[in-house]
Structures are given as structure tokens and as C-alpha cells.
Visitor: 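Quick one: the structure is below, questions incoming.
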There are 2 protein chains.
Amino acid sequence: MTLELSVDRSSPVPLYFQLSQQLEAAIEHGTLTPGSLLGNEIELAARLGLSRPTVRQAIQSLVDKGLLVRRRGVGTQVVHSQVKRPLELSSLYDDLEAAGQRPATRVLVNTFVSATAEIAAALGVAEGSDVHQVERLRLAHGEPMAYLCNYLPPALLDLDTAQLETTGLYRMMRAAGITLHSARQTIGARAATVDEADRLAEQEGAPLLTMQRVTFDDTGRAVEYGTHTYRPTRYSFEFQLLVRP
Amino acid sequence: MTLELSVDRSSPVPLYFQLSQQLEAAIEHGTLTPGSLLGNEIELAARLGLSRPTVRQAIQSLVDKGLLVRRRGVGTQVVHSQVKRPLELSSLYDDLEAAGQRPATRVLVNTFVSATAEIAAALGVAEGSDVHQVERLRLAHGEPMAYLCNYLPPALLDLDTAQLETTGLYRMMRAAGITLHSARQTIGARAATVDEADRLAEQEGAPLLTMQRVTFDDTGRAVEYGTHTYRPTRYSFEFQLLVRP
DNA sequence: TCAATGCGTATGTCCGGACAATCTGACTAC
DNA sequence: GTAGTCAGATTGTCCGGACATACGCATTGA
């Protein structure tokens, strides 16, 4: 099996990136079968007319993604499949859309409120200062799936209600030039209150899946604090995670 | 502010690792304050008597950890704190111990069973073949916190009951020379059945937090399949996650 | 006053080479 | 036959340099 690889030096795309993409595609496509050796780096570099550091950089990025495993003295192997993708900081909207679920959003509240101590602590603003509040109901197949309550620092973003109904919050932030960096999440469960049950078409006392999240941009600012409740019969958190070596 | 950095060339510890550890310690300790610039790589390399690639490798590892942010034309900045540590593939036992909770384990079942279709699919073994089954009750402060049901491929590990009561399953696997690589997890919630309620000292119908996990080693083998239920009043999943750039 | 331009600075990418550490497998000695 | 030893293969670490690219700021121009 030959595995055709080539790079375009006239392209503005970095060489290591071109290579890693081709390797990833070959793994995805099954051309590179799980467990098979990738061939040594030096020979691979020579074959492509690249230097070894460049090839290493390409391979390293796939190792970080969990697709490849390196063993000193042995070689680089394709991981025995099962790997889909590591946990990403994704929005529920994107997740649903990617799963072909046709998400819909109903904006219940889109206003400013005075920050409580809890909100102020999460967003790093002064208690009592004005913050955006957005309450949304997320539906899939016409059925309520989650109730999302979010708070944002003021003047960070234009929160157009119409736009909120057709896309996700994260997508709007990215479009506004905000570089998301990290988030702190807590996932738990509790019994539904009367109000929660009403909103999600559940019964009082029914188990709900809860998630709280504070998201930070790359300057360290908190850009969003959210309290979400999900119907566990309709949604669960599913993800892959890698062991940090 | 000077920030003393030095490397020991006689040490077997890689130079880039020595440097990244010192930088991480300085960030942790507050010597490097959030938002401050790290100083350019070339000058830093010259000051330490290292090459730029080595310095870059050290910095890159901290960028991957989410502690630093690089900006072309600007420099490398310390992220505005809040970052603790990304989601790790950790065992409940280690988590509790790290939190100073003094975990205790009661092994309820430690035997072999015939693999059901579900177990066989998760572990990648033949349906009906023998697999290890371990059922444990995890306690903290004498109160039941979680009920753990795990299945393992046979002949992978010696599952000593006494050892299971004093340590975690992951620690035993690592000690047995198994290199954990990745895991696929699902977190959800549901109402407790009579049996579950009984085991966890809850009431029937009480909300429970559930987690299913399949863990793989670096050869791609499934090494563990687990179905866990947690008392949401006693435990929730808390973690930090980074945006893949 | 405000926008466009240019320059310095810092990271991003890439090269070619060198030696060390580790694993596998074959060979050798007992 | 078994265990220890050695050689080859492959990745890990490190060096020194070169040019490209993007950002911020000061200068310049309308």
C-alpha cells in the first residue's frame, strides 16, 4: 500500500498542516488502517522533500488529537480506532445541528438585569451592575429539550433576539471577534421544581440534568455564565477524552 | 521583576521540560502575574543558554495546558488565571483523595460473568465470553456517594478484592503496566429504581447522576467498561476544558 | 481630526544536522 | 534450552539559523 502524499509549496497553508490533514484524511478514510505503522519520520521526510521537524510537527498534531501513538524504537502507529473526537467547547446548538436534529430556539427573555452576587462572582463584574440576561428554550423535533439561562457582561455583544433564534450563542460570540479560550463546567442532577417542570413539559420532581458554565476568552475575561437544565430522557453529555501523557 | 530561571544540563530531565516546569511554578506561585508578557523567545533563549526551538517547546507545552497565550507580533502572555486544569481521565477515587475526602470502597461483587451483548460490544469481546465484573460502593465521610459497576476483559489484571478496597481501579491498571489512552463517556440522569435507591440510601424516584465509560489503552484495546450512578446531592462532575485552536 | 502608511517587534514556519534513549529481535554464552 | 548481550531501527531532544507573517504604534497625509 503506497499512500499518496504530497505538499504544495506555493500554498499559503503551512506544510506541516497540509501533511497532517492528509494523514488524518487517510486514517478517516481507512487507507491507513488501525495498528499499522506510519513509516519512519526520516524516510517520510525524504519522500516528501520536507525536513524532519516539519514531518514531526504534522505527526505531533495528530498524536495530540489521539489519532496516532508514537513509540520510541518502534515507530508511529495508528490508534485502533474508536476515537471520534475529544471533548470540545461546543454549543448545544452546534451539537444538535451536527447530529441532524434541526434545533429550534425560543427566546423567552432578552434583557438587562442587576447582577446578583453569584453572577457577579462568575463574570468578574461588580455586584449590582447591569448584565445581559438571556433565557432560551431549546427544542428538537418540536419537543423542549433544554432550558438555557445565560448572563453576559454588558457591551460585549449585540444580542439580537431574532439572531438568537436562528443560531447559537457561541457562534454569535465568535462572529463578534471574541476568541474563546476555556470554560469551567459543572454537571449535576436534581429534581425539577414546579417552574422547571412546567417549562420543559416534565412533572414536578422529575430528574433533570444540570450544567453550569463560565466561559473565558483568551484575555482571561469571563464572557458568559450559564445555568442550563436538560431533560435527561432527551439529552445526555457524550464525549471522548484523552489521557494527557 | 527578574524571574530566576535556570536549567541543569547534567540532569536527565529534558531542558524544555525543566523550563516549562519552572514557568508553570512561577505562574502558580504568582511570580508571573496574569496578563504579563513573558518576554520574547529569542532573548529568553539567550538568557538561559538554550536554543529557540527548545524554549518554544517549553512554551508550547504550557500553551497546550491553557496557561499561556501567544500572539504574533505581541508576545506570550500569562492567561488571566481562573485556569486550574483541563479535564483529565481521572478516577473517582483519585478525585476524592485529592479533595481530601478520604474515600472508602466497599466491594460488593468481584467475580466473572458471561458478557451480555452490551458488555461485549463495549469491550470488543465475544458475546457470552467470560469477563470480570466488579461492583463497588464508594463512600465519603461514611456516606454512600456512588455505585460503580465495572466490566473488564479477562486475564488483563489481577483484581484483588483487598486491593480494590484501598485504591482505585485506574491506579491498579497503571500499576499493571497498562497505558491508558482515551475514554468515551456519557453523562446523564434518571430516576432511581428501588434497588438503586436502596444501595445509595436514597428514595425511589430520586434523581441520580449517571455515567457510562469505556476506556481504551494505547493499543486501542478496551480495558474497562463501567456504569456508574452518583448521588447528585453529594457529587457532580466539575472540570475545565480548553478550546482547540 | 481622522484615516492611511510604514516600521519595529514578536511569533510562525521551515531547514539540516547531531547525538541520546529506548525498543525489538537476533545472536551468543552458559 | 534459557538467559544475557549486542546491534539495528526509530523516536526524543537539541542546536543555530533563515525568512515569512501578523500585530501595534508612531508617523504621515488628506
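Residue numbers begin at 1 in each chain, while the letters A, B, ... track the order of the sequences.
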Visitor: Base, sugar-phosphate, or nothing for B/Pro53, non-hydrogen atoms under 4.0 angstrom?
Guide: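 Base contact.
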Visitor: Does a donor on one side chain and an acceptor on the other come within less than 3.5 Å for A/Asn150 and A/Arg136?
Guide: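 Looking only at side-chain atoms, A/Arg136 and A/Asn150 do form a donor-acceptor pair, the distance falling under 3.5 Å.
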Visitor: Does OP1 or OP2 of C/dG12 have a side-chain N or O of B/Arg70 closer than 4.0 Å?
Guide: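 For C/dG12, OP1 or OP2 has a side-chain N or O of B/Arg70 closer than 4.0 Å.
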Visitor: Could you tell me the separation between the CD1 atom of A/Ile42 and the P atom of C/dC19, rounded to a whole number of Å?
Guide: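 These atoms are roughly 13 Å apart.
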Visitor: Indicate whether any N or O donor in one side chain lies under 3.5 Å from an N or O acceptor in the other, for B/Glu135 and B/Gln133.
Guide: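 Side chains of B/Glu135 and B/Gln133: pair found under 3.5 Å.
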Visitor: Tell me the interatomic distance from A/Leu68, atom CG, to D/dT10, atom P, rounded to whole angstroms.
Guide: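 Whole-Å distance recorded here is 16 Å.
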Visitor: If each of B/Arg72 and B/Gln57 is mapped to the nucleotide of DNA chain D with the nearest heavy atom, which maps nearer the 5' terminus, i.e. the 5' end?
Guide: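 It is B/Gln57, whose closest nucleotide lies nearer the 5' terminus.
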Visitor: If you measure from the Lys or Arg side-chain nitrogens to the Asp or Glu carboxylate oxygens, is any gap between B/Glu41 and B/Arg70 under 4.0 Å?
Guide: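 Answer for the salt bridge query: yes.
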Visitor: Over how many whole Å does the gap from A/Gln18 atom CD to C/dT13 atom P extend?
Guide: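 That distance rounds to 12 Å.
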Visitor: Round to a whole Å and report the spacing from CD of A/Glu41 to C1' of C/dA20.
Guide: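 Spelled out: CD on A/Glu41 to C1' on C/dA20 is 15 Å.
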Visitor: Once you round it to whole Å, what is the distance between C1' of C/dC19 and CZ of B/Arg9?
Guide: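 From B/Arg9 CZ to C/dC19 C1': 13 Å.
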Visitor: Any idea which of D/dG16, C/dC14, D/dT10 is nearest the A/Asn40 side chain?
Guide: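 Selected nucleotide (nearest to the side chain): D/dT10.
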Visitor: Can you figure out which of C/dT11, C/dT13, D/dC15 approaches the side chain of B/Leu15 most closely?
Guide: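 Given the options C/dT11, C/dT13, D/dC15, the side chain of B/Leu15 is closest to D/dC15.
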Visitor: Salt bridge between B/Lys65 and B/Glu24, side-chain N to carboxylate O under 4.0 Å?
Guide: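 The answer is yes: the pair qualifies as a salt bridge.
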Visitor: Judged by each residue's nearest nucleotide on DNA chain C, which is more toward the 5′ side, A/Arg52 or B/Pro12?
Guide: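 First, find each residue's nearest nucleotide; the 5'-ward one identifies A/Arg52.
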Visitor: Would you mind reading off the distance between A/Leu44 atom CG and D/dA9 atom C1', rounded to a whole angstrom?
Guide: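 To the nearest whole Å, that distance equals 16 Å.
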Visitor: Would you tell me if any nitrogen or oxygen in the side chain of A/Thr54 comes within less than 4.0 Å of OP1 or OP2 on C/dT13?
Guide: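 Checking A/Thr54 against C/dT13: no side-chain N or O falls below 4.0 Å of OP1 or OP2.
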Visitor: Would you say a side-chain N or O of A/Tyr16 is under 4.0 Å from OP1 or OP2 of C/dT13?
Guide: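 Yes, within the criterion.
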Visitor: Looking at A/Arg56, I'd like to know whether one of its side-chain N or O atoms comes within less than 4.0 Å of OP1 or OP2 on C/dC15.
Guide: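 Indeed not, no polar side-chain atom of A/Arg56 lies that close.
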Visitor: So, is A/Thr76 close to the D/dT10 phosphate, meaning a side-chain N or O under 4.0 Å from OP1 or OP2?
Guide: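 No.
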Visitor: On DNA chain C, nearest-nucleotide positions of A/Phe17 versus B/Gly39: which is more 5'?
Guide: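 Of the two residues, B/Gly39 wins.
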Visitor: Which nucleotide in the list C/dT24, D/dT11, C/dG12 gets nearest to the side chain of A/Val74?
Guide: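 Out of C/dT24, D/dT11, C/dG12, the nucleotide with an atom closest to A/Val74's side chain is C/dT24.
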Visitor: Taking the inter-plane angle between the rings of B/Phe239 and A/Phe239 on a 0 to 90° scale, is it parallel (under 30°), tilted (30 to 60°) or perpendicular (over 60°)?
Guide: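 Plane angle between 30° and 60°, so tilted.
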Visitor: With heavy atoms under 4.0 Å as the rule, sort A/Arg71 into base, sugar-phosphate or nothing.
Guide: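 Contact class for A/Arg71: sugar-phosphate only.
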Visitor: Expressed in angstrom and rounded to an integer, what is the separation of B/Leu50 atom CG from D/dG16 atom P?
Guide: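 Atom-to-atom, B/Leu50 to D/dG16, this comes out as 9 Å.
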